[in-house]
Each structure stands twice: as structure tokens, then as C-alpha cells.
Amino acid sequence: MLDVIVIGMGAHGSAGLFHLSKKGFNVLGLEQFDQIHNNGSYHGLSRIIRMGLYEGDTYLPLAKRSFELWRDLEKEYNEQILYMTGIINIGKKNSDIYKNTLNSAIKHNLDYTDMNNQEIMSKFPGFELSKDLNGVFMKEGGFLDPEKSVKAHTQLAIKNKAIINYNEKVLSWEDKISHIEVLTNKATYKTKKLVIAGGAWNIDLFGIPNLPLSVIRQVVGWFPSNNKSLFDKNNFPVWILDDGKNHGYGFPEYGNEGLKIGIFNHLNEKVHPDKNNKNITPEDIKLLSDFTKNFKNTKKGENYGVCMFTNTPDDNFILDKHPSSENCIIVSCCSGHGFKYSSAIGEIISDLCNEGKTEYNIDLFNISRFN
Ligand SMILES: Cc1cc2nc3c(=O)[nH]c(=O)nc-3n(C[C@H](O)[C@H](O)[C@H](O)COP(=O)(O)OP(=O)(O)OC[C@H]3O[C@@H](n4cnc5c(N)ncnc54)[C@H](O)[C@@H]3O)c2cc1C
């Protein structure tokens with residue numbers, strides 16, 4: 001019998017498997033697609049990581065631990081995964097993004113610079129901002145390479161004797177009291193513990209009636225510039241920007257040519273993960289292209305990518321024991337901001353499997369809040 005099966009080798013499952021394998025557990029990871037794929041929520045070359053938090057205090061210890069663990073992972077994997085560019089959160093004075101970032105920075109004594117639109121544009125000439133926008137810049141921020149992160153977690157887990165079966169889809173699972181039985185399209189397995197980290201597929205895998213999770217289609221685009229230095233990662237930061245009309249986020253040039261732009265929740269289209277439309281529509285292009293007014297010298301978008309957010313109504317994560325199975329850990333850490341924490345969440349998953357508890361306060365992520 002296996003000690004732990006982890007369903008889903010995406011952001012959180014791969015990190016969980018890595019930390020479990022480090023602790024010497026006999027673990028199996030099951031992934032319905034290839035080692036790296038573009039059907040879920042982690043692909044697209046870059047994910048923001050930041051200490052500047054506007055979501056609440058629970059996330060700060062997780063952010064601090066995540067930074068440490070990403071740096072440890074880079075050392076162990078011997079490749080760069082984390083790029084420190086700094087981050088600027090921009091909005092009107094009364095916007096959540098500006099106000100909450102500033103308050104959090106002050107409250108937690110973080111290193112920050114409060115800037116008006118002119119100061120931002122003079123420090124980062126790639127921005128073209130209206131007068132009513134202000135920003136909080138923090139050096140402690142940047143981006144992760146998500147494909148490389150997943151590769152590092154899975155390959156190092158295999159080095160630690162974990163087994164991963166790709167192209168094997170979990171169809172169902174059942175708690176038999178003495179063990180949990182997992183049925184896939186290829187085999188049936190017995191395990192003492194189960195971790196479900198299926199991303200956008202969690203609704204079906206959790207099997208919890210009336211769980212208010214919604215899967216939303218996301219599109220990101222890359223916008224090249226005639227002046228490449230404007231969006232060079234050595235002098236342009238990652239950013240989150242609420243211009244009063246749309247709430248966007250993005251990255252300096254990395255991987256694909258140009259500035260990368262996304263809008264939180266895009267066109268708010270609810271989808272089933274097996275039927276997410278990967279074709280780019282004129283509405284997709286218009287929304288992203290209109291947002292380029294906040295930047296100087298961008299050309300027509302050349303590359304686009306489609307992905308999914310799995311949202312809770314309060315945008316906080318689910319990280320808990322399954323309500324009807326003590327030995328099953330359920331992980332839904334998305335709402336568009338989960339990747340950065342996956343290194344720390346992997347460690348928490350291994351603690352929950354090992355000791356049934358964690359030193360982090362994860363009460364905010366309890367499933368019982370949806371009762
Ligand atoms: C466009 C976009 C931009 C984002 N930007 C950021 C950002 O800047 N910063 C940030 O922190 N976060 C960001 N996020 C969120 C972050 O990427 C997600 O929180 C994270 O990827 C969720 O991880 P996950 O493990 O839950 O899901 P995934 O990473 O999607 O992994 C789930 C895995 O489970 C597998 N699976 C599902 N069902 C089964 C089954 N039945 N059998 C076997 N395998 C199965 C899937 O194939 C998949 O590989 C962004 C998300 C998107 C879509």
C-alpha cells in the first residue's frame with residue numbers, strides 16, 4: 001500500500017509530492033496530461049511573486065516562506081526559477097490595490113516607496129499613467145517561471161524515489177476506512193492518504209455538494225515594443241494596475257517577445273475545464289489591447305495564451321481535510337493568486353499528511369466556511 005497519492009502534478013501537487021518525497025514517504029503522483037502541459041492553470045511563462053500583499057495578513061508568513069523555499073529549490077535544481085524585478089501595485093488613492101498594499105507595507109514594516117504617476121513614469125518609462133494613479137513599489141517582488149518550477153518539483157521528487165504516472169486520469173476515489181482506493185483510467189491503487197490538487201478539475205474530484213467554486217477562462221497577451229529597453233526585466237518591474245476600468249497585471253519581457261498583460265477574470269466567462277475555449281476571439285484581443293493605453297510604445301499583440309482561474313467567492317484558498325474523509329487533503333489555492341505560494345503550500349501539504357497539522361495559520365482556508 002502507498003503512503004500518499006497526490007492527484008494533479010500542477011503547481012501545488014508537484015510541490016506537495018516534492019516535500020512528501022523529501023520526508024521519505026512512499027508516494028505516487030498522478031497526472032492526466034504530460035509532465036508540462038497548457039491545459040490547466042500554471043502555464044504561460046511567468047507568475048508574479050510579491051511581499052506587497054493586499055489580500056490580508058494570513059498570506060504574509062506564506063509569502064515569506066515561499067521566497068525561502070523557491071531559493072532553496074533553485075539551489076537544489078541548479079537553475080534560475082525566481083527573477084527579482086521589484087513590483088509596483090498601482091491604482092487610484094481609494095482603490096483596494098493601492099490602499100491595501102500601502103497599509104500592509106506600513107503595518108508589517110516592509111521596504112516600500114509610495115509614488116505618484118510622474119514619479120512612476122520617470123523611474124519606469126514604459127508606463128503611461130493618468131494623473132489620478134499612484135503606486136506602491138517594493139523591491140521584494142518579481143516573477144517565477146512556472147513551467148520550470150513544476151519541472152523542478154517533479155524531477156527532484158523522482159530523484160527522491162517518488163513515482164509519477166503521466167497521462168493517467170483519476171476517475172474516482174473512495175475512503176474505505178482502512179485505506180483510500182483510487183480508480184484511474186489505467187489501474188486501481190490503495191493508499192493511506194490522498195491529496196487532491198486537481199486545479200480547475202477539483203469540483204468533480206472533491207465531490208462536495210454545492211461547493212461554490214467557479215472556473216473562469218483567462219487570456220493573456222504579449223505586446224512587443226519598438227523600444228525593447230522599456231520592458232526589459234532589468235529595468236521594468238512586474239505590476240498590478242487598476243486603472244479604474246480594468247484590473248490588470250503583467251510582466252516585463254520574458255520568454256515571448258514584449259510586455260505580458262492579463263486582466264483579472266478577463267471576460268468573466270465560466271467554463272468547464274474540459275471545454276475551455278482555447279481560440280482567441282476579437283473580444284479577448286480588444287480587452288487586452290485597450291489596456292495597453294497604460295503603457296508607452298506597444299505594438300499589436302503577437303502571442304496569446306488561454307488558462308483558467310478557479311475562484312472561491314471570497315478569493316481565499318481551500319486547504320483543509322476533506323469534510324467526509326480525515327485522510328484526504330483538499331487543495332484549491334487559486335483565485336488567480338496561488339502560484340507564488342505553491343512552494344510553501346507543498347510543505348504544508350506534507351505536514352498535514354505527516355502530522356495532521358501545520359505551524360501556519362490556515363484557518364482562513366477552511367472548507368467549513370462554505371457551510
Ligand atoms: C493566466 C493566469 C495568471 C496567473 N497569474 C498568477 C500570478 O501572477 N501569481 C500567482 O501567484 N498566481 C497566478 N495565477 C494562479 C496560479 O497559476 C494558480 O493558483 C495555480 O496554478 C493553481 O495550481 P493548482 O495546482 O491548483 O492547479 P494546476 O496548476 O492547474 O494543476 C492541476 C493539475 O491537476 C491535474 N489534474 C486535474 N484532474 C486530474 C485527474 N482527474 N487526474 C489526474 N490529474 C488531474 C491537471 O491536469 C493539472 O496538471 C495565475 C493563473 C492564471 C490562469
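Every number for a ligand or one of its atoms is a count from 1 in the order of the listing.
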J.: To which of V220, V170, L171 does the heavy atom nearest atom 40 (C) of ligand 1 belong?
T.: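 The residue whose heavy atom sits nearest atom 40 (C) of ligand 1 is V170.
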J.: Centre-to-centre under 6.0 Å for Y112 and F137, is that the case here?
T.: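 Centroid distance Y112-F137: not below 6.0 Å, so no.
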J.: Is there at least one pair of N or O atoms, one from V331 and one from ligand 1, spaced under 3.5 Å apart?
T.: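 No, there is no polar N/O contact under 3.5 Å.
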J.: Among protein heavy atoms, which sits nearest to atom 20 (C) of ligand 1, and what does the distance come to when rounded to 0.1 Å?
T.: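 In this structure, atom 20 (C) of ligand 1 has A11 CB, 3.9 Å as its nearest protein heavy atom.
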J.: Examine Y360 together with Y59 and report whether their ring centres are nearer than 6.0 Å.
T.: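 When the ring centroids of Y360 and Y59 are compared, they turn out to be at least 6.0 Å apart.
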J.: Quick check on G262 - does any of its heavy atoms sit under 4.0 Å from an atom of ligand 1?
T.: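 No, that is not the case, since the closest heavy atom of the residue is not under 4.0 Å from the ligand.
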J.: When you measure from the side chain of N202 to the backbone of G199, do you find a donor-acceptor pair of N or O atoms at a distance under 3.5 Å?
T.: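 Pair found, side chain donor or acceptor close to backbone of G199.
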J.: State the atoms of ligand 1, each with its element, that fall below the 4.0 Å cut-off from a heavy-atom position in G40.
T.: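 Going through ligand 1 atom by atom, the ones under 4.0 Å from G40 are 30 (O).
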J.: Which residue owns the protein heavy atom closest to atom 3 (C) of ligand 1, what's the atom, and how far is it?
T.: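 Answer, as residue, atom name and distance: Y249 OH, 3.4 Å.
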J.: Quick one: look up the protein heavy atom nearest atom 18 (C) of ligand 1 and list residue, atom name and how far away it is.
T.: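 Atom 18 (C) of ligand 1 sits closest to the protein heavy atom C334 SG, 3.6 Å.
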J.: Go through ligand 1 atom by atom and flag the ones less than 4.0 Å from a non-hydrogen atom of G198.
T.: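 Atoms satisfying the 4.0 Å criterion: 32 (C), 34 (O), 37 (C).
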J.: Which of these passes side chain to side chain donor-acceptor pair (under 3.5 Å) with N89: D242, T101, N134?
T.: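 Option passing the side chain to side chain donor-acceptor pair (under 3.5 Å) with N89: T101.
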J.: Starting from atom 53 (C) of ligand 1, which protein heavy atom do you reach first, and at what distance in Å?
T.: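 The protein heavy atom lying closest is C307 SG, 2.6 Å.
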J.: What protein heavy atom lies closest to atom 48 (C) of ligand 1? Include the residue and the distance to one decimal.
T.: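 It is E31 OE1, 3.5 Å.
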J.: Which of these, H12, Q32, H337, R217, has its nearest heavy atom closest to atom 22 (C) of ligand 1?
T.: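 Closest candidate by heavy-atom distance is H12.
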J.: Out of G8, S41, G29, who is nearest to atom 28 (P) of ligand 1 when you count heavy atoms only?
T.: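 The residue whose heavy atom sits nearest atom 28 (P) of ligand 1 is S41.
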J.: What is the distance from atom NZ of K299 to atom CG of N226, rounded to the nearest 0.5 Å?
T.: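 The distance works out to 4.5 Å.
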J.: Do Y341 and H12 have ring centres separated by under 6.0 Å?
T.: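 No; H12 has its ring centre 6.0 Å or more from that of Y341.
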J.: Please check whether I7 reaches ligand 1 - meaning an N/O of the residue sits under 3.5 Å from an N/O of the ligand, judged on distance alone.
T.: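 In fact, backbone or side chain, I7 has no N or O that close.
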J.: Does a salt bridge link E128 with K293, judged by any charged N lying under 4.0 Å from a carboxylate O?
T.: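 Here E128 does not pair with K293 in a salt bridge, since their nearest N and O are not under 4.0 Å apart.
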J.: Taking the six-membered ring for Trp, are F206 and W173 ring centroids under 6.0 Å apart?
T.: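 Between F206 and W173, the centre distance exceeds or equals 6.0 Å.
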J.: What about the rings of H37 and Y42, do their centers lie closer together than 6.0 Å?
T.: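 That pair passes the under 6.0 Å test.
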J.: Just to be sure I read this right, does ligand 1 sit under 4.0 Å from the backbone of L205, its side chain, both, or neither, counting only heavy atoms?
T.: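 Answer for L205: side chain.
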J.: Which heavy atom of the protein is the closest neighbour of atom 27 (O) of ligand 1, given with residue, atom name and distance?
T.: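 For atom 27 (O) of ligand 1, the nearest protein heavy atom is G199 CA, 3.3 Å.
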J.: Main chain of S149, side chain of W70: is a donor-acceptor contact present, judged purely on distance under 3.5 Å?
T.: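 No, because the side chain of W70 does not come within donor-acceptor range (under 3.5 Å) of the backbone of S149.
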J.: Find out whether N327 and H322 are in side-chain contact, i.e. whether some heavy atom of one side chain is under 4.5 Å from a heavy atom of the other.
T.: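 No - every pair of side-chain heavy atoms lies 4.5 Å or more apart.
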J.: Distance under 4.0 Å to a non-hydrogen atom of Y42: what atoms of ligand 1 satisfy this?
T.: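 By the 4.0 Å cutoff, the relevant atoms are 21 (O), 29 (O).
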J.: Would you please indicate if the ring centroids of F143 and Y254 are separated by under 6.0 Å?
T.: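 Yes, the ring centres sit under 6.0 Å apart.
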J.: With a cut-off of 4.0 Å, which atoms of ligand 1 are near a heavy atom of E168?
T.: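 Those of ligand 1 that fall under 4.0 Å from E168 are 43 (C).
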J.: Are Y249 and F264 an aromatic pair, judged by ring center distance below 6.0 Å?
T.: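 F264 vs Y249: aromatic centres under 6.0 Å.
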J.: Counting from 1, what ligand 1 atoms have a heavy atom of C333 closer than 4.0 Å?
T.: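 Those qualifying, in numeric order: 19 (O), 22 (C).
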J.: Which ligand 1 atoms does M308 reach within 4.0 Å, using its non-hydrogen atoms?
T.: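 Here the atoms of ligand 1 in question are 53 (C).
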J.: Going by the atom numbers of ligand 1, which of them fall below 4.0 Å from some non-hydrogen atom of K340?
T.: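 Once the distances to K340 are compared, the set is 9 (N), 10 (C), 11 (O).
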J.: Note the single closest protein heavy atom to atom 9 (N) of ligand 1, along with its residue, its atom name and the distance in Å.
T.: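 Nearest neighbour among protein heavy atoms for atom 9 (N) of ligand 1, to 0.1 Å: I48 O, 3.1 Å.
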J.: Measuring from non-hydrogen atoms of F143 to any atom of ligand 1, is the shortest distance under 4.0 Å?
T.: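 The answer is no: ligand 1 sits nowhere under 4.0 Å from a heavy atom of F143.
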J.: Do F236 and F127 make the cut of ring centroids closer than 6.0 angstrom?
T.: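 Ring centroids of F236 and F127 are less than 6.0 Å from each other.
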J.: With clusters defined by side-chain heavy atoms of hydrophobic residues (ILVMFWY) lying less than 4.5 Å apart, directly or transitively, does L287 cluster with L259?
T.: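 Yes, because L259 and L287 connect within a single hydrophobic cluster, where side-chain heavy atoms sit under 4.5 Å apart.
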J.: Ignoring hydrogens, just give me the one of F339, F317, F309 whose non-hydrogen atom is nearest atom 52 (C) of ligand 1.
T.: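 That would be F309.
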J.: Quick check on contacts: which atoms of ligand 1 are under 4.0 angstrom from a heavy atom of K169?
T.: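 Every atom of ligand 1 under 4.0 Å from some heavy atom of K169: 41 (N), 42 (N).
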J.: Specify the protein heavy atom at minimum distance from atom 50 (C) of ligand 1: its residue, its atom name, and the distance to 0.1 Å.
T.: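 I find the closest protein heavy atom is R47 NE, 3.3 Å.
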J.: With a cutoff of 4.0 Å, is A197 in contact with ligand 1, counting heavy atoms of the residue only?
T.: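 In this structure, A197 qualifies as a contact of ligand 1 - some heavy atom is under 4.0 Å.
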J.: When you compare ligand 1 with F251, is there at least one nitrogen or oxygen pair between them that comes in under 3.5 angstrom?
T.: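 No - when backbone and side-chain N and O of F251 are compared with those of ligand 1, no distance drops under 3.5 Å.
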J.: Please lay out, stage by stage, how K340 and S66 fare under the test side chain to side chain donor-acceptor pair (under 3.5 Å).
T.: CA-CA 7 Å; K340 66 182 79 54; S66 297; over 6 Å; no
